[in-house]
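What follows is a short report on a single structure.
None of these values were measured; they are calculated from a predicted model. Only this structure's heavy atoms are used, side chains among them; waters, hydrogens and symmetry mates stay out. Order of the sequence lines fixes the chain letters, A, B, ..., with proteins taken first and strands second; residue numbering starts at 1 for each chain.
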Amino acid sequence: MTPEEAVAEQERLRPRVRTSTDPGLTVQYVAGLDVSYADDDRLAGAIVVLDASTMETVDSAVVLGNAEFPYVPGLFAFRELPPLLRALSKLTVTPDLLVCDGQGLAHPRRFGLACHIGVVTDLPSVGVAKTPMGRFEQPSDERGAATDLVEDGEVVGRALRTRAGVKPVFVSVGHRIDLDRACAEVLRLCVTRLPETTRRADSLGRAQLR
DNA sequence: GCGACAG
DNA sequence: ATCTTGTCGC
């Protein structure tokens, strides 16, 4: 897969993204997805599913693999999608929502990792990135404060303060959910700056590389 | 040509 | 992504 083909693939799948929330969507099982890297080109794709009402881990899966695509801004999904899809197929619990480590619509072609994995699996998904892809005003310091993330004059996501006085995270829609609901779900998962789902998947993945 | 550029 | 425990400050 060349970078040109990857871009074409994004353009092809982009129209399938849905930015409205499924009527009656209930988010009980939430999956956190993350990929960890070793010194060589080995990587580990990890997923942890938790029950949003109790925050208990109810399922998890981790797979080892090799990086098949370099890190190219804008084409991040082509590096992380393969191991994540393999890990997803090992789950015994079907998640109601996928929480991805990266952008969704806050992407140069409005098709970041969260959109890509959402469309491919047809599951609701949101992107939670640690650094922004776009411009934003600093939200006020209280937990829950948020401002728009703007790219090319469009609102593509939100800078969300998940913890008082700490740098915000950047939430954007992936698939089958709207931005308000995406932010509400992410905030509910945050005890510290990042969602518990992401934190648990991250520790599972790095542990697997040891 | 130069800077920006998720993880 | 990765290097990484204790420590400074509110």
Side-chain angles (χ1 to χ4, degrees), chain A residues 3-4 6-7 9-10 13-14 17 32-48 62-85 87 98-120 125-136 140-143 148-175 179 182-183 186 192-195 197-210:
Chain A
E4 293 69 28
V7 169
E9 178 78 344
Q10 292 180 324
L13 296 175
R14 168 75 186 80
V17 169
L33 294 69
D34 187 52
V35 177
S36 296
Y37 298 86
D39 301 316
D40 42 43
D41 67 340
R42 291 179 311 117
L43 52 73
I47 301 182
V48 170
V62 58
V63 299
L64 286 172
N66 293 297
E68 305 294 345
F69 202 90
Y71 168 65
V72 179
L75 299 180
F76 184 47
F78 294 86
R79 184 171 174 78
E80 302 214 335
L81 212 49
L84 291 178
L85 290 177
L98 304 180
V99 177
C100 303
D101 193 23
Q103 319 285 357
L105 291 177
H107 175 276
R109 287 171 294 281
R110 306 290 174 269
F111 199 70
L113 172 65
C115 297
H116 203 142
I117 203 161
V119 163
V120 166
S125 63
V126 307
V128 179
K130 295 182 286 294
T131 58
M133 275 287 252
R135 303 176 50 72
F136 69 101
S140 58
D141 268 339
E142 330 84 66
R143 170 180 156 90
D148 290 339
L149 225 201
V150 178
E151 214 178 321
D152 304 321
E154 310 176 49
V155 174
V156 294
R158 211 164 272 163
L160 175 66
R161 189 88 63 188
T162 55
R163 193 173 186 188
V166 172
K167 175 181 173 173
V169 294
F170 304 89
V171 178
S172 57
V173 166
H175 185 49
L179 186 54
C183 288
V186 168
T192 56
R193 183 187 177 224
L194 298 176
T197 38
T198 302
R199 303 187 66 214
R200 292 182 199 179
D202 178 71
S203 75
L204 174 62
R206 51 203 323 167
Q208 190 62 214
L209 285 177
R210 303 193 160 209

What is the distance, rounded to the nearest whole Å, between atom CZ of A/Phe69 and atom C1' of C/dA1? 16 Å

With sequence neighbours left out, write down each residue that passes side chain to side chain contact (heavy atoms under 4.5 Å, CB included) with A/Arg42, or none if nothing qualifies. A/Ala38, A/Asp40, A/Asn66, A/Leu209

Per-nucleotide protein contact string for nucleotides 1-7 of chain B (B base, S sugar-phosphate only, - none; heavy atom under 4.0 Å): ----BBB

Around A/Arg109, counting heavy atoms of other residues, nucleotides and ligands shown, do more than 12 lie under 6.0 Å from its CZ? yes

Residue pair A/Leu75 / A/Glu9, side-chain heavy-atom distance below 4.5 Å: no

Length of the CG-C1' vector between A/Asp202 and C/dT2, whole Å: 11 Å

Please examine the side chains of A/Arg14 and A/Cys115, heavy atoms only from C-beta on, and report whether any two atoms are closer than 4.5 Å. no

Parallel, tilted or perpendicular: which fits the ring planes of A/Phe78 and A/His116, with parallel below 30° and perpendicular above 60°? perpendicular

A/Arg199: salt bridge (charged side-chain N to carboxylate O under 4.0 Å, His left out) partners, not counting sequence neighbours: A/Glu196

Does any part of the side chain of A/Val72, heavy atoms only, come nearer than 4.5 Å to the side chain of A/Pro3, both counted from C-beta? no

Under a cut-off of 3.5 Å for both distances of each Watson-Crick or G-U pair, what dot-bracket string does DNA chain C give, using [ ] for crossing pairs and | for inter-strand pairs? ..........

Base contacts versus sugar-phosphate-only contacts with protein, heavy atoms under 4.0 Å: please encode nucleotides 4-10 of chain C as B, S and - from 5' to 3'. -------

Find out whether A/Leu84 and A/Val35 are in side-chain contact, i.e. whether some heavy atom of one side chain is under 4.5 Å from a heavy atom of the other. yes

4.5 Å side-chain heavy-atom contact, A/Val155 and A/Leu179: yes

Side-chain heavy atoms of A/Pro195 within contact of A/Val186, under 4.5 Å: yes

From CZ (A/Arg79) to CG (A/Leu43), nearest 0.5 Å: 7.0 Å

Look at the side chain of A/Ser125 and the backbone N and O of A/His175, then say whether any donor-acceptor pair between them is shorter than 3.5 Å. yes

Centroid-centroid distance, A/Phe76 to A/His107, less than 6.0 Å: no

Defining pairs by Watson-Crick or G-U wobble geometry with both distances under 3.5 Å, how would you list the stems of DNA chain B with at least three pairs each? none

So, is A/Arg206 close to the C/dC3 phosphate, meaning a side-chain N or O under 4.0 Å from OP1 or OP2? yes

